[in-house]
*Asks:* 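This is the structure I want to talk about, given as structure tokens.
Reckoned from all heavy atoms, side chains included, excluding hydrogens, waters and symmetry mates. In what follows, chains carry the letters A, B, and so on, assigned in the order in which the sequence lines appear, proteins first and then strands, with residues in each chain numbered from 1.
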Amino acid sequence: MAALTTYPPSPAKPITAITTISEFPRNPKTLILQQSRNARDLNQIHAHLIKTRLVHSPAVMENLLESAVILLPNTMGYANSIFRHIDEPDSSAYNVMIRGLIYKKSDHDAIVLFKKMRENSVRPDEFTFPSILKACSRLGALHEGEQIHAQIMKCGFSSNGFIQNTLIHMYARCGELEVARHVFDGISQKDVCTWNSMLAGYAKNENWEEVVKLFREMKKSGTGFDEVTMISVLTACGRLSDLELGQWISEYIEANGLKGNLALITSLIDMYAKCGQVDTARGLFNQMDQRDVIAWSAMISGYSQANRCREALDLFHEMQKTNVEPNEVTMVSVLYSCSVLGALETGKWVHFYIKKKKMKLTVTLGTALVDFYAKCGSIDGSIEVFNKMPLTNVFSWTALIHGLACNGQGKMALEYFQEMREKNIHPNDVTFIGVLSACSHAGLVNEGRKIFNSMSRDFSIEPRIEHYGCMVDILGRAGLIEEAYEFIMNMPTQPNSVVWRTLLASCRAHKNVKIGVESFKQIIMSEPAHSGDYILLSNIYASGGRLEDALRVRNQMKEKGIRKAPGCSLIELDGEIYEFFAEDNICPYSKEVYSATEDMMRQIKSAGYVANVADARLDAEEDDKEASVSHHSEKLAIAFGLIRTPPGTTIRISKNLRVCTDCHNATKIISKVFKREIVVRDRNRFHHFKEGSCSCNDYW
DNA sequence: GTAGGGTTAG
């Protein structure tokens with residue numbers, strides 16, 4: 001380094017950056033980094049180094065190289081040209097280049113350069129391996145990682161702590177948790193990074209129990225832990241709903257004044273939200289003095305996972321007032337919220353925004369879009385997005401198949417399932433739920449039976465209770481009530497109330513009193529207080545002409561104090577979501593809504609509508625029953641839609657319960673009288689009402 | 001000069 005202390009004076013045509021230096025630092029890297037601001041500076045320094053022959057000093061050139069890597073964004077071009085001019089690059093020069101490539105996320109190029117280094121017989125040193133292993137981790141390149149591991153042993157670096165820690169990380173990120181653990185267990189002197197690498201490895205593989213278990217061991221070992229440790233553990237607490245440990249860490253953070261760590265607080269917010277403490281999470285979020293896109297996304301997803309989707313969208317709007325730009329991850333939660341709320345217009349705007357910002361249509365984002373359009377009853381939108389996705393996986397195909405099935409396009413769903421098979425994408429258990437419900441909607445009984453039987457035989461997927469439920473729906477919907485009953489009785493697992501309720505609904509549609517009563521008995525053994533079941537049974541009796549029994553069931557329900565869950569319907573107009581509750585007259589526009597509803601009911605009555613008072617609430621006085629039925633949330637929302645949207649446009653409603661018989665009947669007539677297509681999403685499926693009939697063929 | 005970290009889909 002002697003040459004540097006006699007660093008020559010500035011050239012004749014001064015370079016401001018250098019001439020202003022009164023005393024030359026001993027370390028040329030400091031000099032170059034401090035003085036260079038852009039490519040021009042670097043060029044001038046480079047020229048200067050040539051003049052002063054310092055270009056032949058590998059150490060100086062490495063520092064120039066490093067500056068080039070850090071200062072020039074998005075390109076390694078200049079760094080490459082410097083590297084090429086180094087006479088015989090040693091391992092340090094290669095290290096700088098490899099680090100640079102990794103810094104620029106060119107992991108693949110880093111591995112190529114490493115291979116070249118070996119070809120040129122340059123021995124990697126202890127600093128080479130951690131970097132190159134990082135590239136392998138990020139690429140999930142297990143094969144390369146293993147070869148590098150062998151070289152580490154050959155070079156005698158296998159007890160280097162840095163290298164061991166990166167090896168753990170590499171194996172874990174490539175899914176080889178046992179190998180990672182083996183390396184971990186073999187380390188006698190474990191430092192915080194050793195533990196953190198293993199913890200992060202378990203976390204990345206979603207092995208949350210092991211994260212918590214290992215953290216307890218870590219505490220016992222006396223190593224101590226840091227913020228990085230807590231981030232992995234908090235993530236695990238969220239997934240496991242382990243609020244106790246999460247809170248312990250939360251208190252530790254508070255006590256040690258660590259609230260300034262953005263990543264740490266974000267994982268704390270995520271933990272609280274996933275443990276059901278969304279308001280606590282929001283409190284922390286509000287206290288943050290800086291929030292990046294991940295913090296915003298975590299809070300938005302927190303609301304959406306807690307089923308507080310309106311608040312998720314409100315927060316997204318708040319975010320847009322800041323200068324933090326949302327990313328694909330943010331959009332996934334936003335779209336999910338739109339799909340829960342049935343907010344088609346808002347979601348469409350989000351889709352437009354995604355396109356405008358040229359966001360990458362990742363598999364996750366694409367799948368969220370496919371699911372969103374399907375859940376908003378716009379299946380054409382789903383198909384369009386799906387066809388544009390550059391990459392699809394089993395999630396995306398499942399979303400599409402399920403979406404088609406729910407929207408009454410069973411046959412098309414099965415065609416896509418066939419295509420998926422041809423593309424060698426392996427269906428999983430969830431895919432089969434979509435496929436079986438497609439059979440149900442399309443009335444394909446034999447096809448359904450075949451697919452059900454093929455699950456374990458051809459795909460090694462054991463049917464779960466949900467799949468049995470789908471089979472019951474297929475048989476019941478087709479009117480094969482006895483067979484459905486037998487099917488339940490012969491199930492290898494204990495049928496649950498959901499399965500029996502499916503059969504109960506079939507009995508209502510096919511007027512089978514005997515099995516309906518039996519199904520009801522089975523349900524109330526485990527779930528005695530579900531109002532919908534009493535109503536279904538009462539309707540079954542009524543349709544079989546047994547009005548006294550129907551009334552008895554209703555009274556039973558009243559005696560047991562089982563109240564009908566309050567119905568709630570949503571309609572979105574101009575991106576604004578309006579919420580209606582049955583017989584709700586406290587909302588600010590209720591006067592307008594009630595007069596519109598009365599007008600609507602008057603018009604459909606003259607077209608032949610007769611109220612079905614069996615659907616009225618129980619405590620309504622006899623002569624108020626008709627009014628009670630006419631004030632169901634769904635009718636209020638439709639009436640509001642009729643007066644607030646242009647003639648001929650589609651009205652879209654989402655509701656929390658199943659559609660009741662009276663509303664179903666009324667909506668059919670409304671669609672005809674007012675010449676409107678009406679799409680209603682109930683808690684199970686879609687009803688596309690058009691010209692007096694419904695896509696569900698009166699079975700739901 | 002080298003290692004470990006936060007948000008997302010069916």
*Asks:* Quick check: A/His351 with A/Tyr373 (ring centres under 6.0 Å apart)?
*Replies:*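 Ring centroids of A/Tyr373 and A/His351 are less than 6.0 Å from each other.
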
*Asks:* Which of these nucleotides, B/dG5, B/dA9, B/dA3, is closest to any side-chain atom of A/Asp191?
*Replies:*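 Closest nucleotide to the A/Asp191 side chain: B/dA3.
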
*Asks:* Residues of residues 367-391 of chain A with any non-hydrogen atom less than 4.0 angstrom from an atom of DNA chain B: list those, numerically ordered, please.
*Replies:*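 Residues of residues 367-391 of chain A under 4.0 Å from DNA chain B: A/Thr367, A/Asp371.
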
*Asks:* Does any pair with a residue in residues 366-392 of chain A pass salt bridge (Lys or Arg N to Asp or Glu O under 4.0 Å), and if so which ones, sequence neighbours excluded?
*Replies:*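 For residues 366-392 of chain A: A/Asp371-A/Lys375, A/Glu384-A/Lys388.
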
*Asks:* Looking for any heavy atom pair under 4.0 Å, which part of the strands does A/Tyr336 touch: base, sugar-phosphate only, or nothing?
*Replies:*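 Sugar-phosphate, backbone atoms only, no base.
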
*Asks:* Does B/dG5 have OP1 or OP2 sitting under 4.0 Å from an N or O in the side chain of A/Arg173?
*Replies:*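 True: A/Arg173 side-chain N/O within range (under 4.0 Å) of B/dG5 OP1/OP2.
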
*Asks:* Under 4.0 angstrom, heavy atoms only, what part of the nucleic acid is A/Val96 near: base, sugar-phosphate, or nothing?
*Replies:*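 Counting heavy atoms under 4.0 Å across all strands, no contact is made by A/Val96.
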
*Asks:* So, is A/Arg239 close to the B/dG6 phosphate, meaning a side-chain N or O under 4.0 Å from OP1 or OP2?
*Replies:*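 The answer is no; no side-chain N or O of A/Arg239 sits under 4.0 Å from OP1 or OP2.
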
*Asks:* Does A/Ser91 have any side-chain contact (heavy atoms from CB on, under 4.5 Å) partners at least two apart in sequence or in another chain, and if so, which?
*Replies:*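 side-chain contact (heavy atoms from CB on, under 4.5 Å) list for A/Ser91, sorted by chain: A/Met117, A/Val122, A/Asp125.
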
*Asks:* A/Arg685: which residues meet the side-chain hydrogen bond (donor to acceptor under 3.5 Å, both in side chains) condition with it, sequence neighbours left out?
*Replies:*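 Partners of A/Arg685 under the side-chain hydrogen bond (donor to acceptor under 3.5 Å, both in side chains) test: none.
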
*Asks:* Strictly by salt bridge (Lys or Arg N to Asp or Glu O under 4.0 Å), give each pair with a member in residues 170-179 of chain A just once, sequence neighbours left out.
*Replies:*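 Checked against salt bridge (Lys or Arg N to Asp or Glu O under 4.0 Å) - neighbours excluded - no pair reaches residues 170-179 of chain A.
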
*Asks:* Ring-on-base stacking between A/Phe162 and B/dA3, under 5.5 Å between centres and under 30° between planes: is it there?
*Replies:*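 Ring-base stacking flag not set for A/Phe162 and B/dA3.
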
*Asks:* With no angle test and no hydrogens, is the base of B/dG10 tied to the side chain of A/Asn428 by a donor-acceptor pair under 3.5 Å?
*Replies:*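 Donor-acceptor pair under 3.5 Å: yes.
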
*Asks:* Does a side-chain N or O of A/Lys190 approach OP1 or OP2 of B/dA3 to a distance below 4.0 Å, or not?
*Replies:*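 Checking B/dA3 against A/Lys190, no side-chain N or O comes under 4.0 Å of OP1 or OP2.
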
*Asks:* Within the pair A/Ser301 and B/dT8, is there a side-chain N or O less than 4.0 Å away from OP1 or OP2?
*Replies:*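 True: A/Ser301 side-chain N/O within range (under 4.0 Å) of B/dT8 OP1/OP2.
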
*Asks:* For a quick check of understanding: with a heavy-atom distance under 4.0 Å over all strands, which category does A/Ser92 fall into, base, sugar-phosphate or nothing?
*Replies:*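 Counting heavy atoms under 4.0 Å across all strands, the contact made by A/Ser92 includes a base.
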
*Asks:* Regarding A/His169, tell me which of base, sugar-phosphate or nothing describes its non-hydrogen contacts under 4.0 Å with the strands shown.
*Replies:*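 Since only primed, P, OP1 and OP2 atoms lie under 4.0 Å of A/His169, the category is sugar-phosphate.
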
*Asks:* Can you name the residues that form a side-chain contact (heavy atoms from CB on, under 4.5 Å) with A/Lys190, not counting sequence neighbours?
*Replies:*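 If we apply the side-chain contact (heavy atoms from CB on, under 4.5 Å) test to A/Lys190, skipping adjacent residues, the hits are A/Phe184, A/Ile187, A/Thr194, A/Trp195.
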
*Asks:* Tell me whether the side-chain N/O atoms of A/Gln305 come closer than 4.0 Å to OP1 or OP2 in B/dT7.
*Replies:*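 So the side-chain polar atoms of A/Gln305 never come under 4.0 Å of the phosphate oxygens OP1 or OP2 of B/dT7.
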
*Asks:* Indicate, with a heavy-atom threshold strictly under 4.0 Å, whether A/Leu262 touches base, sugar-phosphate, or nothing.
*Replies:*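 Base contact.
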
*Asks:* How about A/Phe432 and A/Phe452: are their ring centroids closer than 6.0 Å?
*Replies:*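 Ring-ring flag for A/Phe432/A/Phe452: false, centres at least 6.0 Å apart.
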
*Asks:* Over all strands shown, is A/Asn160 touching base, sugar-phosphate only, or nothing at heavy-atom distances under 4.0 angstrom?
*Replies:*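 Nothing, no heavy atom under 4.0 Å.
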
*Asks:* Mind checking if A/Thr235 touches a base, just sugar-phosphate, or nothing, with heavy atoms under 4.0 Å?
*Replies:*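 It contacts sugar-phosphate atoms only.
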
